[in-house]
Amino acid sequence: MARGKAHVVEIAPRRGWGSLGLAEVWEFRELLLFLVWREVKGRYRQMALGPLWIILKPLVTMVILSVIFGRVAKLPSDGIPYPLFTYSGILPWTLFAVATGKSTTSLVTNLNVISKVYFPRLVVPLAAAASGLVDFCMSFLILLGMVFFYGMTPSANIIYLPAFLLLALATALALGLCLATLAVKFRDVGYGVEHMLQVMIYLTPVVYPSSMLSGHWRELYLLNPMAVVIEGFRWSLLGLGQPPTLSTLGVAGGVLALLLLGTMLFRRSERTVVDLM
């Protein structure tokens, strides 16, 4: 009997820009879900209050910002009760901030897995960014309770809300992919992103409405994707605030272009990431 030939699988780095490798990511979708669950579970491990922090953190932030900017500074809120106005801005912002920070440092925090087992590295920042959705969904239930508490009802525009959440995640992932491999080489990139997010929150309409600006300043301000997300989030949920315009599509197109660029840069540099580690 002739002996059969052994089946050999060769794992080699891609040359050039190549494809985005999304089909391969889909093949490892179970690993993606596992990494999302591990990220969420590990975030609140060995904590006395555990997952309650998901709800407490934005609530405490809302109370502090409402006192400082609502009662003391008396900032306007476009006809929305100020605590509700603030909380509806904190939730999408927190989703963006968590997804950006986690995806930027995802390769560093998963060093042990990446250096031992082969799988498409793109799964790691994707899982890190998606893990913020779990926190968001739990906090969103509190937001809905606040809406009814203040005698308001969700707007019919709520069907557009997932689109703005997707835009927030796409923006976070685009930044994370561009910075993830850089964070492997320079570990202070993660700290830089953290400080950048602390500044950016004041450049987005979390504690004040974009209606405070006018003219060219307002047009320039709304080039910030998260300003579009937060204004659109409030409009979708409450029917108040800044509705989407043609410039919204332009911002979304810019985010998509940055996401594609970030994915290509990530795929191009992933073959050397283990060497950098």
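Sequential numbering from 1 along the given sequence is applied to the chain's residues. Side chains are part of it too, since the values below use all heavy atoms of this structure and drop only hydrogens, waters and symmetry mates.
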Path from V60 to M62 over hydrophobic side-chain contacts below 4.5 Å:
yes

How long is the straight-line distance from CG of L126 back to CG of L32, given to the nearest 0.5 Å?
6.0 Å

Donor-acceptor pair, R29 side chain versus W26 backbone, under 3.5 Å?
yes

Going only through I, L, V, M, F, W and Y residues with side-chain contacts under 4.5 Å, is there a path from L223 to Y221?
no

Ignoring hydrogens, what is the shortest heavy-atom contact between P125 and S103? Give both atom names and the distance.
O-CB, 3.8 Å

Do L177 and L265 come close enough that some side-chain heavy atom pair is under 4.5 Å?
no

Determine the interplanar angle of the F140 and F136 rings, folded into 0 to 90°, and report it as parallel if under 30°, tilted if 30 to 60°, perpendicular if over 60°.
parallel

Here the gap from L95 atom CG to L133 atom CG, rounded to the nearest 0.5 Å, amounts to 5.5 Å

Sequence-distant partners of F69, ring-ring contact (aromatic ring centres under 6.0 Å, His included), two or more places apart
none

Apply side-chain contact (heavy atoms from CB on, under 4.5 Å) to the pair R121 and F119, showing each step before the final yes or no.
CA-CA 6 Å; R121 307 302 188 221; F119 57 89; 3.9 Å; yes

Closest heavy-atom pair and its distance - P76, P209:
O-CD, 3.1 Å

What side-chain hydrogen bond (donor to acceptor under 3.5 Å, both in side chains) pairs are there with at least one residue in residues 57-75, not counting sequence neighbours?
none

Scan the side chains in residues 245-262 for donor-acceptor partners under 3.5 Å anywhere in the protein, sequence neighbours excluded, and list what turns up.
unit_1 : atom_1 : unit_2 : atom_2 : d
T245   : OG1    : S247   : N      : 3.4
T245   : OG1    : S247   : OG     : 2.7
T248   : OG1    : T245   : N      : 3.0
T248   : OG1    : T245   : O      : 3.3

Could you see if W93 belongs to whatever hydrophobic cluster contains V63? Use Ile, Leu, Val, Met, Phe, Trp, Tyr and a side-chain cutoff under 4.5 Å.
yes

Locate the shortest heavy-atom distance separating A183 from V189; write the atom from each residue and the value.
CA-CB, 3.8 Å

Flag the pair M226 / V229 as yes when at least one side-chain heavy-atom distance between them is below 4.5 Å, and no otherwise.
yes

Closest heavy-atom contact between L35 and A127?
CB-CB, 3.5 Å

Taking atom CG of L84 and atom CG of L237, what is their separation to the nearest 0.5 Å?
7.5 Å

I'd like to check the ring-ring contact (aromatic ring centres under 6.0 Å, His included) partners of Y82; sequence neighbours left out, ordered by chain and number.
F85

How far apart are the closest heavy atoms of F164 and P244, and which atoms are they?
CZ-CG, 3.7 Å

Any side-chain heavy atom of F266 sitting closer than 4.5 Å to one from L107?
yes

So if you build clusters from Ile, Leu, Val, Met, Phe, Trp, Tyr with side-chain heavy-atom gaps below 4.5 Å, do L33 and V98 land together?
no

Got a list of side-chain donor-acceptor pairs under 3.5 Å for residues 194-207, not counting sequence neighbours?
unit_1 : atom_1 : unit_2 : atom_2 : d
T204   : OG1    : M200   : O      : 3.4
T204   : OG1    : I201   : O      : 3.0

Distance, nearest 0.5 Å, that separates NZ of K102 from OG1 of T109
7.0 Å

Assigning hydrophobic clusters by single linkage (Ile, Leu, Val, Met, Phe, Trp, Tyr; side-chain heavy-atom cutoff under 4.5 Å), is L166 placed with V25?
no

List in chain and number order the residues that pass side chain to side chain contact (heavy atoms under 4.5 Å, CB included) with P243, two or more places apart in sequence or in another chain; answer none if no residue qualifies.
W235

Quick one: side chains of residues 142-162, donor-acceptor pairs under 3.5 Å with protein atoms, not counting sequence neighbours, listed by atom name and distance.
unit_1 : atom_1 : unit_2 : atom_2 : d
S155   : OG     : N157   : N      : 3.0
S155   : OG     : N157   : ND2    : 3.2

Do Y87 and L65 have side chains that approach each other closer than 4.5 Å (heavy atoms only, starting at C-beta)?
no

Mind jotting down which residue pairs meet the ring pair (Phe, Tyr, Trp, His ring centres under 6.0 Å) criterion with at least one end in residues 168-189? Sequence neighbours excluded, please.
none

So how far is it from C178 SG to M264 CE, rounded to the nearest 0.5 Å?
11.5 Å

Who passes side chain to side chain contact (heavy atoms under 4.5 Å, CB included) against R218, sequence neighbours left out?
S210, S211, L213, L222, Q242

Do P120 and R267 have side-chain heavy atoms sitting under 4.5 Å apart?
yes

Minimum heavy-atom separation for A99 and A172, please, with both atom names.
CB-CB, 3.5 Å

Between T105 (side chain) and V108 (backbone), is there a donor-acceptor pair under 3.5 Å?
no

Would W37 and F34 count as a close aromatic pair, with their ring centres under 6.0 Å?
no

In chain order, what residues pass the side chain to side chain donor-acceptor pair (under 3.5 Å) check against S88, with sequence neighbours excluded?
R234

Distance col, row L175:CG vs T100:OG1, nearest 0.5 angstrom, shows 5.5 Å

